[in-house]
Amino acid sequence: MQALQLKQTFKTNISDIYALFGDDEGLLLYALEKFYDLIPQDTRDFCIQKFEGNEVFSEEIISSLSYGAMFGDRRLVVVKDFNRKLSVSETESWLDYVANLSEGNILVLVNCPTVKNAISQFVVEVDCNKMSLIDYVGYIETLFKFYKINYDKSSLSEIVHRCNKDFGKINNELKKIMLYCADGTQVNKAVIEDIVPTDTETQVFEFIFAIQDGDFDKAMGIINILLDRGDKPSMILATLTLTYKRMFAIMTNDGDDDFLSESLGMRKSALFMARKNIDAAKRRTQGFLSKLKNTVYYLYALEYDFKSGKISQENALDLAINYLIGKTNAKRA
C-alpha cells in the first residue's frame, strides 16, 4: 500500500508487522508519524523503542517485541536501515517470533530488506517511494478541503513540480501556503509563485549554508543531486549568482522588507531565513561582507566568460564551486 493509505487503514485494521520501503524521506517520516500516533503521546517514552543500523542483533529486537506495553495495550518497535545478511539462527529466531506474536505489539521495519524477506509472508508492505503527480495533487486537495482552503485546482501541480515531488518539501510549503491563505485568499498560480521556491533555489540555499558550516561533503552531495536529476550547470551557476547577489543586497540595503521583497523578487520568509543564516556566517567569518562582495563579482565574471564562449558551462560551475569551497585558489581561464 502507499504511505498515504495508512491512516485510513488503521481505522479498520492494524497488523502486527509492517515494512516501509522507499527513497522519499518525507513519506517515510509521514508513515512513521502515523505509527507513533497509535501510541498515546503521554506514554510514548515507555511504549516505543527504536533500533538502527547493522550493529543491532536480531535477538535484541525480538526480545523487545516480547515485552508487554507498560501502559495501554500496544507497544511499538521501529527498526531502521538494518540490511545485514541474517545467519541461519537469526532467520529461525524471526520465524519463531512470528509464530508466537505478542498481542498488541507492532514491528515497523524501515528499509530493512533482509528481515522483511525472512518473514515476508507475515509483513504488510508500505511503499514510500515518490508517487505520481496525480497522487500528490490528490493529497493536496484532501488537505485543502479539510482545512477549508480556497484553491484553483489547475495550479496545484505547480506546487508538486516546484518541490520536485519531495513529500517532505511539499508538506513544508503547504503549511506556509495555508497560513498565507487562511483569510480566504485563493491558492492560485500567482500565490504559488510568490510563496513556493523552485527546488533548485531551495537546494542552492542548502548548498551555501553547508559551505558556511564547513560541511563540504554535504555541499557536493547537493550539487550532485541537482546534476543527476538533469539541472544544467548553467542553471545552477545562474541560481548561485542570483542568490549571492540577493544576500549582498540584503546585507547592504537599509530598505524595509517590503522594499527588498519587491526589488529582489524574494518572499519575506526567504528574506528572514537569508538574514538569519547571513548573521550566523558573519559571526564566524572575518571580513564577511568583503568576501561576499568578492564572491558576487567572481560569479558574475564566470557567467560572463561562459556566455561569451570563453569557457564551458561545466568548467564555469566547477570554478565556482572550487572558489566557494575555498579548496583551491580558482582563477578564470
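As a basis for the values below, the full set of heavy atoms in this structure was taken, side chains included, without hydrogen atoms, waters or symmetry mates.
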Item checked: Residues Leu174, Tyr139; criterion side-chain contact (heavy atoms from CB on, under 4.5 Å); working and verdict -> CA-CA 11 Å; Leu174 289 179; Tyr139 168 72; 4.0 Å; yes
Notebook entry, point to check: Under the side chain to side chain donor-acceptor pair (under 3.5 Å) criterion, do Asp135 and Ser132 qualify, and how do the steps go?
Noted result: CA-CA 5 Å; Asp135 290 323; Ser132 66; 2.9 Å; yes
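- Counting heavy atoms from C-beta outward, Phe82 and Glu52 have side chains that stay 4.5 Å or more apart.
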Next item on the list: Evaluate the side chain to side chain donor-acceptor pair (under 3.5 Å) criterion for residues Asn129 and Asp127: first the C-alpha distance (whole Å), next the side-chain angles of each, then the deciding distance (0.1 Å), finally the verdict.
Entry: CA-CA 6 Å; Asn129 286 301; Asp127 188 345; 3.0 Å; yes
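- Put simply, CD on Gln186 and CG on Asn150 are 4.5 Å apart, with the number rounded to the nearest 0.5 Å.
- In terms of heavy-atom proximity, Thr185 sits nearest to Cys181 at O-CB, 3.2 Å.
- Its side chain within the 4.5 Å cluster rule, Leu28 clusters with Met1, Leu6, Phe10, Ile14, Tyr18, Leu20, Leu32, Phe35, Tyr36, Leu38, Ile39, Ile48, Leu76, Val78, Ile106, Val108, Val110, Val124, Val126 among the Ile, Leu, Val, Met, Phe, Trp and Tyr residues.
- Leu319 and Met235 fall into different hydrophobic clusters, where Ile, Leu, Val, Met, Phe, Trp and Tyr are joined by side-chain heavy atoms under 4.5 Å apart, directly or via other members.
- Using a 4.5 Å cut-off on side-chain heavy atoms (C-beta onward), Ser234 and Leu237 make no contact.
- Salt-bridge annotation for Lys116 and Glu125: present, with a side-chain N of the basic residue lying under 4.0 Å from a carboxylate O of the acidic one.
- Salt bridge present: Arg84 and Glu90 bring a charged side-chain N and a carboxylate O closer than 4.0 Å.
- Atom-to-atom distance recorded for Glu173:CD and Cys163:SG is 5.0 Å, nearest 0.5 angstrom.
- Neither Phe21 nor Val115 shares a network with the other; the hydrophobic side chains, linked directly or stepwise wherever heavy atoms of I, L, V, M, F, W or Y lie under 4.5 Å apart, form separate groups for each.
- Grouping the Ile, Leu, Val, Met, Phe, Trp and Tyr side chains by contacts below 4.5 angstrom, directly or via other members, places Tyr147 with Val191.
- For the atom pair Leu86 CG and Thr114 OG1, the distance stands at 4.0 Å (nearest 0.5 Å).
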Margin query: Show, in sequence, the C-alpha distance, side-chain angles and deciding distance for Phe167 and Tyr30, and conclude whether the ring-ring contact (aromatic ring centres under 6.0 Å, His included) test is met.
Written below: CA-CA 9 Å; Phe167 187 76; Tyr30 172 87; 5.2 Å; yes
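- Atom OH in Tyr97 sits 4.0 Å away from atom CG in Leu65 (nearest 0.5 Å).
- Taking hydrophobic clusters as Ile, Leu, Val, Met, Phe, Trp and Tyr residues chained together by side-chain heavy-atom distances below 4.5 Å, Leu133 shares a cluster with Ile140.
- A donor-acceptor pair is defined here as one N or O able to donate and one able to accept, closer than 3.5 Å; such a pair exists between the side chain of Asn224 and the backbone of Met220.
- For the pair Leu109 and Val79, the minimum side-chain heavy-atom distance is below 4.5 Å.
- Separation of atoms CG (Leu324) and OH (Tyr244) is listed at 4.5 Å; rounding is to 0.5 Å.
- Here CD1 of Ile222 is found 11.5 Å from CG of Asp217. Values are rounded to the nearest 0.5 Å.
- A donor-acceptor contact shorter than 3.5 Å is absent between the side chain of Gln8 and the backbone of Gln5.
- Taking all atoms of both residues into account, the shortest heavy-atom contact from Lys130 to Lys165 is NZ-O, 3.3 Å.
- With a 4.5 Å cut-off on side-chain heavy atoms, Ser312 and Phe306 do not count as touching.
- A donor-acceptor contact under 3.5 angstrom links the side chains of Tyr151 and Glu141, judged on distance only.
- A donor-acceptor pair is defined here as one N or O able to donate and one able to accept, closer than 3.5 Å; such a pair exists between the side chain of Asn111 and the backbone of Gly22.
- Remark: side-chain polar atoms of Asn100 are paired, donor with acceptor, to backbone N or O of Asp96 under 3.5 angstrom.
- Residues Glu92 and Val88 have side chains in contact (heavy-atom distance under 4.5 Å, counting atoms from C-beta outward).
- The two atoms that bring Ser15 and Asn13 nearest to each other are OG-ND2, 3.7 Å, heavy atoms only.
- No side-chain heavy atom of Thr239 sits under 4.5 Å from any side-chain heavy atom of Asp231.
- Hydrophobic clustering keeps Ile134 apart from Ile170 (ILVMFWY residues linked when any side-chain heavy atoms are closer than 4.5 Å, directly or through intermediates).
- For the pair Leu317/Leu227, a side-chain contact is recorded, criterion being any heavy-atom separation below 4.5 Å from C-beta on.
- Using a 4.5 Å heavy-atom threshold, the side chains of Asn83 and Cys112 count as separate.
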Next item on the list: May I have the step-by-step check of side-chain contact (heavy atoms from CB on, under 4.5 Å) for Ile208 and Val204, ending in yes or no?
Entry: CA-CA 6 Å; Ile208 292 171; Val204 164; 4.1 Å; yes
Notebook entry, point to check: Could you walk me through whether Ser93 and Glu59 pass the side-chain contact (heavy atoms from CB on, under 4.5 Å) check?
Noted result: CA-CA 8 Å; Ser93 295; Glu59 290 76 10; 4.3 Å; yes
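- When every heavy atom of Ala118 is checked against every heavy atom of Leu95, the shortest pair comes out as O-CD2, 3.6 Å.
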Checklist line | Intermediate values then yes/no, side-chain contact (heavy atoms from CB on, under 4.5 Å), Asp16 and Phe122 | finding: CA-CA 8 Å; Asp16 299 297; Phe122 303 95; over 6 Å; no
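- Using a distance-only test at 3.5 Å, with no hydrogens or angles considered, no donor-acceptor pair links the side chain of Ser64 to the main chain of Glu60.
- Side chain of Asn164 to backbone of Asp166: no donor-acceptor contact under 3.5 angstrom is found.
- Ion pairing of Arg162 with Glu158 is present here, as a side-chain N (NZ or NE/NH1/NH2) and a carboxylate O approach within less than 4.0 Å.
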